[in-house]
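Contents: one structure, followed by commentary.
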Amino acid sequence: MIPIAKPQISNEEIRAVTDVLKSGMLAQGKIVEKLEQEFASYIGVKYAIATNSGTSALHTALAAVGITKGDEIITTDFSFVASATCALMQNAKPVFCDIDPTTYNISTEDIEKKISKKTKAILPVHLYGQSCDMDTITEIARDHDLWVVEDACQAHGAEYRGKKVGAIGDVGVFSFYPTKNMTTGEGGIVTTNDEKIAERAKMFRSHGQSKQYVHEFLGFNYRMTNIAAAIGLAQLGHLDERNKRRQENATFLVEKLHNVAGIICPSVNPNGVHVFHQFTIRIEDEFPLSRDGLCNHLKEKGVGFGIHYPTPIHKQPLFKKLGYTDDHVDCPIAAEMSKRVLSLPVHPQLTADDLRFIVQTIHNVVREEQWMSA
Ligand SMILES: *Cc1c(COP(=O)(O)O)cnc(C)c1O
C-alpha cells in the first residue's frame with residue numbers, strides 16, 4: 001500500500017525529543033522559543049507564536065486581531081472545516097465564498113460580493129500548498145479596511161511574488177499535523193509583523209496572562225510543548241529539501257497524467273511557488289470511470305488517495321444546524337469540485353517505483369475500461 005501521507009521521522013527527531021525528556025523541561029520553554037525564532041526567520045516575519053494545533057493557531061489569530069461577537073469573516077467554502085469554525089470560536093460568523101475552478105482557491109470576485117458592514121476580516125486558505133491571489137485580496141482588504149488572516153496550514157514554504165505565504169497578510173497560520181509538509185506531532189504557529197498582534201496572541205495562548213497570575217482577558221491553554229518543538233526544529237531544517245521532492249514528484253505525475261482524457265492536473269500559478277501539500281486531480285466526464293469508481297480501483301490496487309474535500313463546509317451538519325442553507329450560500333463551483341477532486345500521493349518518501357506504479361494503475365484502468373466498452 002502506497003500511503004497518501006507519511007511523516008518523515010529520523011534519528012534527528014528521536015535524539016532531539018530524548019534530549020528534551022532528559023532535560024525535564026517538557027512544557028513550553030526555550031525549545032519552543034527557538035522554533036518560533038527559526039520559523040519566523042524562515043517565513044520572513046518578525047514574530048511567530050507556537051500553539052498546540054493549527055486550529056488553536058487560527059483561533060488565536062482571530063482573537064489577536066480583535067474578532068468578536070457579531071463580526072463576519074469571509075472565507076472559502078472549500079477547505080478543512082477549521083478554516084470556518086475558528087470564526088465561531090470567537091462568536092463571529094463565517095461567510096462563505098465560492099472558488100476559482102483552476103486553483104480551487106477562494107474566488108476574489110466572490111469576496112467583493114460578500115462584504116457587508118459587519119465584515120472584519122478575509123481568511124484566504126492557500127489550498128493544497130498554493131498561494132491565493134494575494135494582490136487582489138490585499139487590495140480588497142485595504143479598500144474595505146479589513147484584516148487579512150492567511151490560513152497557510154497547507155503551505156509551509158509556498159511563495160507569492162517572491163514572498164512566503166504567512167508573511168503577506170496581517171497574520172498567518174500554519175499547522176504541524178503529521179500529514180502536513182512539516183510536523184510536530186500536533187502543533188501550529190501564528191506569524192505576524194505586528195507587535196500588538198503578536199503580544200495579544202501570546203497572551204491568548206496562555207489564559208490571557210500578562211504576567212504570572214494576572215489575566216487580562218479570556219484565553220486558553222494553547223501552548224506547545226518543548227517535546228513537540230524539538231520535532232519541529234528538526235523538521236524545519238529539512239522543509240525546503242522535502243518541498244523540492246514534492247515538486248519533483250508533482251512534475252512527474254503531471255508529465256504522465258496530463259494526456260489522460262478526463263483528468264485535469266493541478267495548475268501552477270506562475271507568480272508563485274507551489275509546495276504540493278496535496279497533488280489533487282479532477283475527474284471530468286470523459287474519464288471512463290466516475291471519481292468514486294477510480295477511488296475503488298486505487299484502493300484495490302493499493303494506491304492511497306484522499307478526497308479534499310468531499311463536502312463544502314457550509315453543507316456540514318454543524319452549519320446546517322446554524323441555519324446555513326444552499327439558498328443563501330451560493331457556491332456552485334465548490335459543490336461541483338467536491339464531487340470531482342481526488343488527491344494522489346505526492347509526499348517526499350515516494351520512490352521512483354511508487355510513482356510509476358501510481359501512474360500505471362491509472363493508465364491500466366483506462367485501457368481496461370476502453371477495452372470493455374469497445
Ligand atoms: C490542517 C488544517 C487546519 C487545522 O490544523 P490542525 O493542526 O489539524 O488543527 C486548518 N486549515 C487547513 C486548511 C488545514 O489543512
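None of these values were measured; they are calculated from a predicted model. Both backbone and side-chain heavy atoms feed into the values below; hydrogens, waters and symmetry mates do not. First listed ligand is number 1; within each ligand, the first listed atom is number 1.
Distances from atom 4 (C) of ligand 1 to the heavy atoms of T55, L123, T179 show the closest one on T55. Taking all heavy atoms of Q278, K180, H59 into account, the minimum distance to atom 1 (C) of ligand 1 is reached by K180.
Annotation: F80 places no N or O atom under 3.5 Å from an N or O atom of ligand 1; distance criterion only. Polar contact check, Q154 against ligand 1: a nitrogen or oxygen pair lies under 3.5 Å apart. Checked by distance only, ligand 1 and Y177 stay at 3.5 Å or farther apart across all their nitrogen or oxygen atoms.
With no hydrogens or angles considered, no side-chain donor-acceptor pair links Q154 and H126 at under 3.5 Å. A side-chain N or O of H238 and one of E12 form a donor-acceptor pair less than 3.5 Å apart.
In this structure, Q235 contributes its side chain and Q8 its backbone to a donor-acceptor pair below 3.5 Å. The backbone N or O of L355 lies less than 3.5 Å from no partner atom in the side chain of N249, so there is not a single donor-acceptor pair.
Those atoms of ligand 1 that come under 4.0 Å of a heavy atom in V125, given as number and element, are 13 (C). Atoms of ligand 1 lying under 4.0 Å from any heavy atom of G54, numbered from 1 in the order shown and given with element: 5 (O), 6 (P), 7 (O), 9 (O). Near S79, the atoms of ligand 1 lying under 4.0 angstrom from a non-hydrogen atom of the residue are 13 (C). Taking every heavy atom of S53 and a limit of under 4.0 angstrom, the matching atoms of ligand 1 come to 7 (O), 9 (O).
Contact analysis puts S83 in contact with ligand 1, with a non-hydrogen atom separation below 4.0 angstrom.
Aromatic rings of H59 and F220 (six-membered ring for Trp) have centroids within the 6.0 Å cut-off, being under it.
The closest protein non-hydrogen atom to atom 11 (N) of ligand 1 is D151 OD2, 2.9 Å. Nearest non-hydrogen protein atom to atom 10 (C) of ligand 1 is C153 SG, 3.6 Å.
Taking the side chain as every heavy atom from C-beta outward, N181 and F276 never approach each other to under 4.5 Å.
Both the sub-6.0 Å distance and the 45° axial angle are not jointly satisfied by R291 relative to the ring of F305. Taking the ring axis of Y42 as reference, the NZ or CZ atom of K164 stays within 45° of it and closer than 6.0 Å to the ring centre.
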